[in-house]
A.B. asks: 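Mind having a look at this structure? Questions to follow.
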Amino acid sequence: MTKDGKEMKWTRKDLLSLEELSREEIEMILQTADSFKEVSSREIKKVPALRGKTIANLFFESSTRTRTSFELAAKRLSADIINFSSAGSSTSKGENLRDTARNIEAMQIDTIVMRHSSSGSAEYLARSLKAGVVNAGDGTHEHPTQGLLDLFTIRGRKKKFEGLNVCLVGDILHSRVARSNIWGLKKLGAKVTLCGPPTLIPKEIENLGVEISYDLDSVLPKQDVLNILRIQLERQSHAFFPSIREYAAEYGISNERMKKAKKDVMVMHPGPVNRGVELSGEVADGEQSVILEQVTNGVAVRMAVLFLTTLVERG
Ligand code: CP
């Protein structure tokens, strides 16, 4: 249902980015997730919504949360799910991505969930397949279901986005989570600030209507939400800051730094957390942290995404 009360119909077989979604489509996913959240609190955590459908998890990069969460989401919707990881597969014999995916699709798969290190790989696959494609993170481009679960978690606590100050802290340059958050938050009306070392914030990102700051202590007091990003050392080809210790001193969220923040500030992190670098253990486990709530909400949001994309009418 849209704001003006009109019934909305989902029309996409793929979920590739939050950039491509309208505000109404994002709201439709969040509303669908509202109804699925309750399923996970039942004694029997299952509904028959996708009975007879088959989902394939294709993960070409490591994952703990996203992969498990998609698997649980599919199972709670009564879909069959197969898990594929590149280790031990025929990709090691030279099979390319399109052939791998087309062979899996040939087993009558309805939706493929894919994580890959190449930006744009999910869109490439979506154009090559009749099956739906859900992007579970493509290189440094987007991680749309992480963006959606972050929006769902913020909405659960703060109720509205208009006028809300959200700060994404850290390695913006390499972060697909940052890009999905920026698109989603801006579409829903939040004010977004990016804060980190100048070398980790690409200048052109200002064109997305965000504020940029290199001084965390000066922007911290007005923030309602802090979304702390992982320092992605595996994607950094050279040193972007002098040392981990200096990064933690300038941008790490410690108990001491939290004294400057609003009392009801939400502390978020997509995981995995580098404790003592971008976030201290005390803050990660503290009262303002919603990190595990994000993980819980991820299942409901992914149930919503699989439900909408898998049941869409296909041409
Ligand atoms: N947030 C996230 O994508 O975590 P994983 O890499 O464990 O899936």
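Counting starts at 1 for both ligands and their atoms, following the listed order. It should be emphasised that the depicted structure is a prediction, and the values quoted were computed from it without experimental measurement.
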A.B. asks: Which residues satisfy the side-chain hydrogen bond (donor to acceptor under 3.5 Å, both in side chains) test with Glu278, sequence neighbours excluded?
C.D. replies: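 With sequence neighbours excluded, Glu278 shows a side-chain hydrogen bond (donor to acceptor under 3.5 Å, both in side chains) to His269, Asn274, given in chain and number order.
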
A.B. asks: Is the NZ or CZ atom of Arg115 both under 6.0 Å from the centre of the six-membered ring of Phe59 and within 45° of that ring's axis?
C.D. replies: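 Checked: cation-pi criterion not met.
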
A.B. asks: Give a yes-or-no answer on whether the side chains of Glu142 and Ser180 include a donor-acceptor pair shorter than 3.5 Å.
C.D. replies: yes

A.B. asks: When Asp224 is tested against each of Arg157, Lys262, Lys191 for side chain to side chain donor-acceptor pair (under 3.5 Å), which residue passes?
C.D. replies: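 Single pass found, and it is Lys262.
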
A.B. asks: Residues two or more places apart in sequence or in another chain: which of them pass side-chain hydrogen bond (donor to acceptor under 3.5 Å, both in side chains) with Asn135?
C.D. replies: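 Partners of Asn135 under the side-chain hydrogen bond (donor to acceptor under 3.5 Å, both in side chains) test: Asp138.
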
A.B. asks: List, by chain and then residue number, the residues other than Met107 in its hydrophobic cluster (Ile/Leu/Val/Met/Phe/Trp/Tyr, side-chain heavy atoms under 4.5 Å); write none if there are no others.
C.D. replies: none

A.B. asks: Show the short N or O contacts, below 3.5 Å, that ligand 1 makes with protein N or O atoms; if there are none, say 'none'.
C.D. replies:
residue, atom, partner, partner atom, Å
ligand 1, 1 (N), Gln146, OE1, 3.0
ligand 1, 1 (N), Pro270, O, 2.8
ligand 1, 1 (N), Gly271, O, 3.4
ligand 1, 3 (O), Thr66, OG1, 3.0
ligand 1, 3 (O), Arg115, NH2, 2.9
ligand 1, 3 (O), His143, NE2, 2.9
ligand 1, 4 (O), Arg65, NE, 3.0
ligand 1, 6 (O), Arg115, NH1, 2.9
ligand 1, 7 (O), Thr64, N, 2.8
ligand 1, 7 (O), Arg65, N, 2.9
ligand 1, 7 (O), Arg65, NE, 3.1
ligand 1, 7 (O), Arg65, NH2, 3.0
ligand 1, 8 (O), Ser63, OG, 2.6
ligand 1, 8 (O), Thr66, N, 2.9
ligand 1, 8 (O), Thr66, OG1, 2.6
ligand 1, 8 (O), Arg115, NH1, 3.4
ligand 1, 8 (O), Arg115, NH2, 3.4

